[in-house]
Every structure is written in structure tokens, then in C-alpha cells.
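Worksheet: one structure, shown below.
Small disclaimer: the values here were computed from a predicted structure and weren't measured. Per chain, numbering begins at 1; letters A, B, ... match sequence-line order.
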2 protein chains.
Amino acid sequence: MADTVHPSLASGRGSGAPERPWGNRPTMKDVAARAGVGLKTVSRVVNGEPGVTADTERRVQEAIEALGFRRNDSARVLRKGRTASVGLVLEDLADPFYGPLSRAVEEVARAHGALLINGSSAEDPEREQELALALCARRVDGLIVIPAGHDHRYLEPEIRAGVATVFVDRPAGLIDADTVLSDSFGGARAGTAHLIAHGHRRIGFVGDRPRIHTAAERLRGYRAAMADAGLPVGPSWVSLGPTAPERVRDAVRAMLTGPEPVTAVLAGNNRVTVTAVRVLAGPRAAAGTGREHPVALVGFDDLDLADLLGITVVAQDARALGRTAAEQLFRRLDGAGGEPVRVTLATELIPRGSGEIPPPAGTA
Amino acid sequence: MADTVHPSLASGRGSGAPERPWGNRPTMKDVAARAGVGLKTVSRVVNGEPGVTADTERRVQEAIEALGFRRNDSARVLRKGRTASVGLVLEDLADPFYGPLSRAVEEVARAHGALLINGSSAEDPEREQELALALCARRVDGLIVIPAGHDHRYLEPEIRAGVATVFVDRPAGLIDADTVLSDSFGGARAGTAHLIAHGHRRIGFVGDRPRIHTAAERLRGYRAAMADAGLPVGPSWVSLGPTAPERVRDAVRAMLTGPEPVTAVLAGNNRVTVTAVRVLAGPRAAAGTGREHPVALVGFDDLDLADLLGITVVAQDARALGRTAAEQLFRRLDGAGGEPVRVTLATELIPRGSGEIPPPAGTA
DNA sequence: ATGAAAGCGCTAACAG
DNA sequence: CTGTTAGCGCTTTCAT
């Protein structure tokens, strides 16, 4: 903390000069003194406001240069009441799905002169709340949240106090707010229907934990497609849980070796798809499973290089998700009123081979 | 009524009440009034400072709840002189290399109670400077920069004023500062040597624009390995430039069709590798190039699914890069002095098949 | 244990 | 055109 820094260390001189909280950075007052003008004149120059003669401006600029002055936005913010920053709480910036989403938000923010503060919740509701509230304490103008938890009432006072808030990728819990989602239900239904259209009747679904909204929706889409086709869903064909590779691997193997082995798999998100591909296409894929025929696969979320691996996917547009949410946020910040808006973005099925593998003969 | 409704909250609009800059959020003063205590007591409670009786604390807490008060950190920051935030200027958060790097920085910052503000320079030096200085104006405690430009003297006044600064992935230009790099030279040399060890004599290098430090270093490593082996470098075997797929594709094709076609390629970064793989392994890979034998490939930077595609790579550890830089930053913030530090992290060659393809018979 | 007063560095609102 | 005076909401200092 600040108190661990001894005065003698702080600025290289051990004099009795009172330590200023901001080190000893020059302030507008210092610039004014040096330029022999009033404080407000410096402010005018720094902010490019009119009403300063060219000569005065030059003298002020010189003083700014000489002193190495840079405006302290903390003070400006306090006075103006706007931070020109927005917050984004997401699951994990290292996930290839959220990186592009965040970047899209950043671009919109930049177009509006705002900076973006990211925070990773690591899928932990407590951490989500902690982060969101920390951002509110810093008085971000707006907040975009990819929920980890299911109760966002903690944000009610903030929203009421004027923090524009948009939820993305998953809906808010127990409060009504602007929301931008991908069509998880429709996408999963289409992906499953695609497999059915290619002759499959025993199809498995491996998804994330069911309390995650997108996971639940995708499961619902899968079931809907099966029902549409009049197909039963075997007891061991559905597996929801953490997306850790070990669990997914075991889940996929179990589906392939049960009494009614599946001939195709719908993977519930990018991480699951990756592991599924490893299991299904790995060197020892068929070993120990008794399979001899390749298993069809449709993954939710697109992947880099998926085209080269021939993986059929139901793709969502992470960038569009971020852009749409950010645009809605700034619309609110620009004064747009009205009821909370709910946008659903379509998904796109991209056939690349793995989803078009037919079932083994004699399975229909 | 004055105790339940904030003075100017009652005014729906248009009343004579002066608009306060922060909307009409309650302040500590409001809480104090409602709880019937002094301002400082509220501050003590909010910050968990000692010297408040249990009963007083309870009354303050009630007032906080009732009013929906949340401390305004902007004001706190102004007074304390520390923002508890660090800035990270990188190229593109959507790039799978920088996402994990950023996340690693975030984790270290979090451990030190600081938030992270990211900014994407889009590889534009002007934008890098604009972002870095905007972060300085917000008085981030520290700054981590992945340079886009080559002249960082613009940061000198800031660094002198006390902004701890660490450069990552590429060195600073024209100033001396803490730096954390990957061993691009050594990695490229090892990757090239690997291809040579597998019998190749005509090896191409496709990299990013030469003004990017890592690109230049990797080229140097490539040349060093060739020289070590006493091999010449054909005039058409080296191609540096933007990593746009079209350019990379053309560059690779040119190397494969020249008078002295290469039998192996070293790809200079993750984007180049992806395109190179598409060209070399794509459905029409051999068509039009006159090739019949597969071309060996070693990529710089690891990729998701590279194992499944059998792509041999020279991997850097993006997370370690971010973590190391952040740790150095906080070491400085905790008062560590001394000369600027320069750390180089080793790379790792991961053989997966594409780099072990031998040259066609009769090429040696 | 509690509170009054004095700023942090800047901008808004008025003077001159 | 320019400068002076009040704050923004909080922490610090120093009384009580």
C-alpha cells in the first residue's frame, strides 16, 4: 500500500516537502503559474475550448510541454459525472468465443469515445457480482454482462441509479433488462435435424452444465428435433456437465458403447466439440469402443481450422453478439427509453463433412 | 419525507432542482444524514475501518441499504492518488494469442486488487500511442504495452512521473524499460534446424512485416539455422508482409512453383500457419503447383486443434508472457527499484507430423 | 468513538 | 478574452 512507501523513497528526495497523492505530477494550477495565466485558461487550452488568443495558447502549450503535464482524468470524471468507460463482465477472455466478442464491444465503445474494462468471472456467480459491482463503483457509464449466475437483482439499485445494462449470450436472472442472445434452441434443433436428415436415428448430445441457459436451450432444441422426427431419446444419449476434457471424453465413450450406441453426436459448445473431435478422430478412436464405422458429429460454435478438419458446425457470430449488445448499450446512454429489448441472433449451420457421415448400414 | 427521497430525486424533470453530475445517486453525506451520524463515520463503515460501535455501524448499514448507496470510487481515487487499475495495450483481443495473454495479466492484477483496462491498437502506432496516453490520463497505476510502433519516447514523461511500464512480446523503441519477450530468434532457428535435420535443404520462410520485431527476429533465426547448416537461401524463399490470407497464400504458392521450389516451409506466426496449412493441405493443394509430394511445415505459435491436424509448431507460452510481465509490473509498483529488466522466455518445439515429413527423393 | 474542516485536480458558473 | 469562486464525493487530519 501507499504507507509502505517511505517518503524518502517516494520521489528520490528526502526533503520535508509534503507528499502529494499524485506523486508530484504537475497540475493545471502549476501550468497556469508557469504560463502566467489563470487556471481556467489552461483548462480551455487543454480541452480545445474557444476563447483563447493564439498567443496565450502558445504560452500555455509551452508550459505544458516543459512540465510534462497531462490532464488527470480522475478529477475530470469526478466533476463531469461521466467516466467515458463501459464494463464487460464475461466468462473468460482467453476463450476464443469471448475474445472476438470483447473486441467487437471495444470497437463500438471506441466509436463513442469510451474505453472498455473487461473482467473474467470464471463462470463463478460470486465473482461475476463482485466484478459487476466493482465496475459500478467505478461508475462505468454502462455495463455489459455475460451472466455466470442466475440472480441479478443485485444490479437493480445500480440500474435504477442510471447504469445502462445489457445482458449478452445468456439472459438475466430475476430482472428485466436489455438482452442479446444467439438462437441456441433453433441452432441445436437445426443441427440435430441435419443429422436426422442424413439418416441417423440414435443421436447423442453432450453439453455444458444444465444451469447454464445456453446449455439448457440447446438440449431443448435437440429434444425438439428428435420429437419432431418421432425419435426416442435413449437414456444414455444425453450428458450434461462440466466441459473438462475428461468428463466429455467419458461421456462420448459411454454413448458409443452402451446397449444402444449412438451413430452421431451433437456437441454443445466449442470446448465440447474439440474434445469430441479428439475422441472420435483420434488415433485410437475406434479402439475399445467396438466401432468400425465413423461417428457423425455436429458442433455448436465454430472453430478455427474446423474447415480443414471437416467439422460441421452450428456457428454463432460472437462479433455480432458483442456489437449488437454494445450498440444497444450506447443507444440507452444516448437517451433511448422504452421497454427492455430482447434480440435473438440466428445461427448458421455450416456443413463440412463430419455432419454428413451416414449411419452404418442396418441402423435405420 | 426528506429522509426517504433524495432532494432532487423527487423532480421527475423540469423542476428547478439543479441536476447533479452523478445523476442523483446518494452520497456518503446522504447516508450520514439518514443515519444521523457524521460523514466520516459512514466512511469508516464503508471501508471497514475500526472505531465504530456495533450499534452505529448497524444504523449506517441500514441507511446504506435503504438508499442503495455505493461508494463512488472516482472520488476516492482522486483523493488517494491510486486507481488500482492497470492498462494493457495489445494488438487485437480477438487474436487467440492475445486473449490468453490478457487473461493472465488480469489474474495477476486481480491478485493485487487491481482491474485491467484493455485496448487494441490494431497494429497502428498512432492508435497505440493514443490508447497508452489515454490510459495514463486515467492514471492507471501501471501500463503493459505490446508495441505496434517503434518510438516510445512519448511515454518518457509518464514513466518519469511514476507510471510503471512493462513491454511485452516486442521491445520498446528508443527508450529503456522492463521487457518480456519470447525467444523468437532461438525458436525460429530451432524450427528451421528441425526441418534441416529431417533432410530438407530448400526451406521457405513466410513472416509478418519486417518492421515487427518478432518477424525480424524469426527471419534472423531462420537465416542463422540455414547458415549453420551451410545452406544457401534462395531468392524466392523468403516472404515478409501483411498476414492477410491472400498475400500469404500467394507467397507460399510462389515458393512452391519457382525454379528452386522449397520442400518445407517455416510459418512466422499463427495467422500465417493457418493459411499455410490451408494451402498445403487443402483439397486442391497440389493442383496447379506441380507438386506431388507433401510439403513439410513448421509453424510459429501453437494453435487449437493443431494436434489433430498434425501440425508441428514452435510454441510460445502466451500466458507465461502475460503473467511474467504483470508480475514485473507489480514488483515495480511495490517499490522495486533498479535497472530495467529484460526477460526472454524459451519456446518449445512440438513435433506432430507436418515438420517430420521428409523431402522428396532426389532433393538432397 | 466521533465529527468538522480542508483539500485531491478538475470543470461549471459567473464575474470582469 | 480571461480569471475567480464554488463545488464534484471522497479521504485525511486533527479536534473533541
query: About how many Å separate CG of A:Leu115 and CG of B:Leu131, when rounded to the nearest 0.5 Å?
result: 7.0 Å

For atom [atom1] of [X] and atom [atom2] of [N], their distance in whole Å:
X	N	atom1	atom2	answer
B:Arg70	D:dC10	CZ	C1'	16 Å
A:Ile64	C:dG9	CD1	P	16 Å
A:Lys29	C:dT11	NZ	C1'	16 Å
B:Asn72	D:dG7	CG	P	18 Å
B:Arg76	D:dG9	CZ	C1'	12 Å

task: Tell me, yes or no, whether the heavy-atom count around A:Glu65 atom CD, taken from other residues, nucleotides or ligands under 6.0 Å, exceeds 12.
output: no

Using a cut-off of less than 4.0 Å, is there contact between a side-chain N or O of [X] and OP1 or OP2 of [N]?
X	N	value
A:Thr41	D:dG3	yes
A:Thr56	D:dT2	yes
A:Ser43	C:dT11	yes
A:Lys80	C:dA12	yes
B:Lys40	C:dA1	no

Given the structure, check if the side chain of [X] and the base of [N] hold any donor-acceptor pair shorter than 3.5 Å.
X	N	result
B:Arg20	D:dG9	no
A:Arg139	D:dG9	no
A:Arg79	C:dG9	no

task: Determine whether A:Arg138 and B:Ser74 make a side-chain contact, defined as any pair of heavy atoms from C-beta on separated by less than 4.5 Å.
output: no

- request: Give A:Asn47 one of three labels, base, sugar-phosphate or nothing, depending on what nucleic acid heavy atoms sit under 4.0 Å from its own.
  value: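 The residue A:Asn47 makes sugar-phosphate contact but no base contact.
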
query: If you look at every strand shown and take non-hydrogen atoms under 4.0 Å, does A:Arg44 touch a base, only sugar-phosphate, or nothing?
result: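 Result for A:Arg44 = base.
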
message: Quick check: on DNA chain C, is the nucleotide nearest B:Thr53 upstream (toward 5') of the one nearest A:Gly23, or the reverse? Name the residue that is more 5'.
response: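 Result: B:Thr53.
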
message: With side-chain contact (heavy atoms from CB on, under 4.5 Å) as the criterion, how do B:Glu107 and B:Arg323 come out once you've worked through the C-alpha distance, each side chain's angles and the decisive distance to 0.1 Å?
response: CA-CA 8 Å; B:Glu107 288 305 315; B:Arg323 189 177 358 98; over 6 Å; no

